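What follows is a single structure, written as structure tokens, with notes after it.
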Amino acid sequence: MLIPKEQWKPADGIELEKNAEIVVKSNCNYLVIAGPGSGKTELLAQRACFLLQTGICYSPKRILAISYKKEAAKNLAERVQKRCGQKLANRFVSLTFDAFAKSLLDRFLYGLPEVYRPDVNYDINPSVLREGKRSILLRFEGKEPKHLLTGDYVDGIHSLSIENIINKKMTDKKLPFNNEPNNLEEWMINELWKLFLKGDKDFKPALTFPMISRLAEYILRENPFVLKALRATYSHVFLDEFQDITGVQYDLLKTCFLGSNAVITAVGDNKQRIMEWAGALRNSFELFEKDFNAQRINLLMNHRSAPRLVELQKVFIKEAFGEKIDLSDLKIENSKKWSKDDGICEVWIFNDYIKEAQILSENIKKWLNSEDLSHRDICVLVKQRPSKYTNMLIKTLAENSMNARDEGEVSDLLNEEIIQFIINLFSLALNINGNNSYTFVYDFIKILNGYDDDTPERFLIKLESEITELLRFANEKLLKIDNQKQIVELYKIIIRYLKMDRLISYFPQYRNTAWFNDLMNKSIKLLWNEFEITNNWSKAITNFIGINSIPIMTIHKSKGLEYDTVVFIGLEDSAFWSIKNQPEQDTCAFFVALSRAKRRVIITFSKYRDVGANPCQTAENVKKFYELLAKSGIVEYRDFM
Ligand SMILES: Nc1ncnc2c1ncn2[C@@H]1O[C@H](COP(=O)(O)OP(=O)(O)OP(=O)(O)O)[C@@H](O)[C@H]1O
């Protein structure tokens, strides 16, 4: 039943501020620029519900939502599904930019001229990227065309920056590449494109995501019918974290939708721009306003953080971001759910990281036991290299019967649909309570069977008894498993039951066999490790999902996430080694870290930390951050030296 526009209300008792409501109900392109916790992502979820529930996005039209991380894309899809129901949510397509580009390439690969068509089984991220410069040099050394060995290039391939070519130059320009290179660098670019697309006897074809975006863009530019079909599919497009869009992605966006009827809503925050190193455009907001004739609008609430933390953020915004800020940034209001004195920010100073781990561990225990926090309410953040900064903490927590783990390693795995299916299936088979395992398993198999809500009931009843049988079988097998090989066998049986061709038709990314097998093997290994530690399948699965472990991650990984308590380890010069070269980006990074917390932020400094050539830590280059913390007047210092 469609809801008349005038009667539509936001779901879950959410109240939208005036500007958010304008955008939710709008019919033109908007650029929403607002700070952390202002509800930008929530706004997109509400807008999806509005468009679907009122029929403004009418069947068979769809909404395309593009995020940067799998978690974010999944989270958005789940919110819409929960509020609108599966049937409407089927027309809400929530993908990462990379997945969107890849789906275009995989579906329309044959729309590319032969020279640009990658092998169907291409890998992601060529191994040559990991092998580095040397393997490229060996491969092309001596093969340079003689007439190009002039000027800056007399030393041949040795005069080129291979990393820069692979990471940047290869995808700087739209395809096609110049077939008659004017210099050695252009020649190298062409050769690498050919190698990555087609491979050779020692090298499996493999593409980077920027290459995939360039190929997808080329397909759309060269094939008007494909472009027309894409435009006919999506009436509305959402872009989350728009500050992170790269030049390559922006070109793809323009080819897809510039001049189409799609209404585009982009949301972002220039104070959280921390992806410039990965090619994020500095002027994405201005470009979008101009190219797509988008209206700029701000939001003024911070729904996430307690009042004192919002004050701290305001000091940062005012003092650290200079001309980047908009006056509205300083008018931010906090949610009324807090008391005015809520919010804690403390700096803890230690002599060494062993004491740091011990004190943190004692406090984490206290928070878990007496503050009614769960493990997932706490997050340990680091600037980079989580293992270097948190090994001692993980060890100390374990000695005190608490788990913490680096999310970077497992979250990508856990976000894969096939892994989620297996884990939900095992959870159900073992009667592990909680979440919506049955719905997940049922919907997954239902979709693979091509069933929908109009499928005759007798088929659905048959499906249910099939699932019951599968669960019984999985339970029996799991309880008998006592070596890793048996778990491999069980995985194989499950995949055979699902049928690989059906999986591929619904999840085309699984066509890449090597990658699919890698996913399977990694998850088997992790699951088996947990089983060896716990000797109990229920516990092994719960640990694998991570419910009982404190997440550890880099600031980059934490974007878009929120926690009651954030512990930032190591506000020290060596963690911010690049601050002199990229002060803005590092300031944004620290701001992102601070703004993940709802109620409490703990920042640590340790005089001795074994993370690099010099274990003695200083705070000279990060002095500005300490000064701003002090200036806020809300930060307390605890000296554990
Ligand atoms: N209108 C609202 N009323 C109440 N709570 C809200 C509202 N909008 C968002 N929230 C809640 O506030 C928190 C932050 O929202 P959201 O993640 O959408 O913010 P954001 O602007 O995308 O944040 P960031 O840029 O920091 O990632 C979430 O817990 C969300 O559920």
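Only heavy atoms go into these numbers, but all of them, side chains included; no hydrogens, no water, no symmetry mates. Positions are given from 1, in the same order as the sequence printed here. Computed from a predicted structure; not experimentally measured. One-based numbering, in listed order, for ligands and for the atoms of each.
Of all the heavy atoms of Gln272, the ones lying under 4.0 Å from any atom of ligand 1 belong exclusively to the side chain.
Per-residue contacts place Gly35 under 4.0 angstrom from the following atoms of ligand 1 (heavy atoms of the residue considered): 21 (O).
Closest to atom 27 (O) of ligand 1 among all protein heavy atoms lies Gly560 CA, 3.3 Å. Among all non-hydrogen protein atoms, the one lying nearest atom 22 (O) of ligand 1 is Thr41 OG1, 2.8 Å. Ranking protein heavy atoms by distance to atom 16 (P) of ligand 1, first place goes to Gly39 CA, 3.7 Å. Distance from atom 25 (O) of ligand 1 to its nearest protein heavy atom, with residue and atom name: Lys40 NZ, 2.7 Å. Atom 1 (N) of ligand 1 has as its closest protein heavy atom Glu15 O, 2.8 Å. Of the protein's non-hydrogen atoms, Glu42 N, 2.9 Å is the one closest to atom 18 (O) of ligand 1. Remark: minimum distance from atom 17 (O) of ligand 1 to any protein heavy atom is reached at Arg304 NH2, 3.6 Å. Of all protein heavy atoms, the one closest to atom 23 (O) of ligand 1 is Gly37 N, 3.0 Å.
Checked by atom type, the side-chain pair Glu407/Ser411 shows no donor-acceptor distance below 3.5 Å. A donor-acceptor contact closer than 3.5 angstrom links the side chains of His556 and Trp277. Side-chain N/O atoms of Gln313 and Ser595 include no donor and acceptor closer than 3.5 Å.
Here Trp8 pairs with Phe50 under the ring pair (Phe, Tyr, Trp, His ring centres under 6.0 Å) rule; sequence neighbours left out. With sequence neighbours left out, Phe316 forms a ring pair (Phe, Tyr, Trp, His ring centres under 6.0 Å) with Phe590.
For atom 6 (C) of ligand 1, the choice among Arg596, His303, Glu562 with the nearest heavy atom turns out to be His303.
Not a single heavy atom of Pro10 lies less than 4.0 angstrom from ligand 1. Taking 4.0 Å as the cut-off, Asp269 does not count as a neighbour of ligand 1 on heavy-atom distance.
In this structure, the side chains of Val263 and Arg47 come closer than 4.5 Å at one or more pairs of heavy atoms. Counting only heavy atoms from C-beta outward, the side chains of Ser235 and Arg62 never approach each other to under 4.5 Å. Proximity of Leu571 to Phe605: side-chain heavy atoms (C-beta onward) are nowhere separated by under 4.5 Å.
For ligand 1, one of its N or O atoms has an N or O atom of Ser38 under 3.5 Å away. Residue contacts with ligand 1: Leu561 is placed with no nitrogen or oxygen under 3.5 Å of a nitrogen or oxygen of the ligand (distance criterion only). For ligand 1, the polar-atom distance check against Leu16 finds no nitrogen or oxygen pair separated by under 3.5 Å.
Distance check on atom 13 (C) of ligand 1: some protein heavy atom falls below the 4.0 Å cut-off.
Ser213 places no side-chain N or O within 3.5 Å of a backbone atom of Pro210 that could act as its donor or acceptor partner.
Ion pair Glu584/Arg282 flagged as a salt bridge, since at least one NZ, NE, NH1 or NH2 atom sits closer than 4.0 Å to an Asp/Glu carboxylate oxygen.
Contact detail for Leu258 and Arg231: the closest heavy-atom pair is O-NH2, 2.9 Å.
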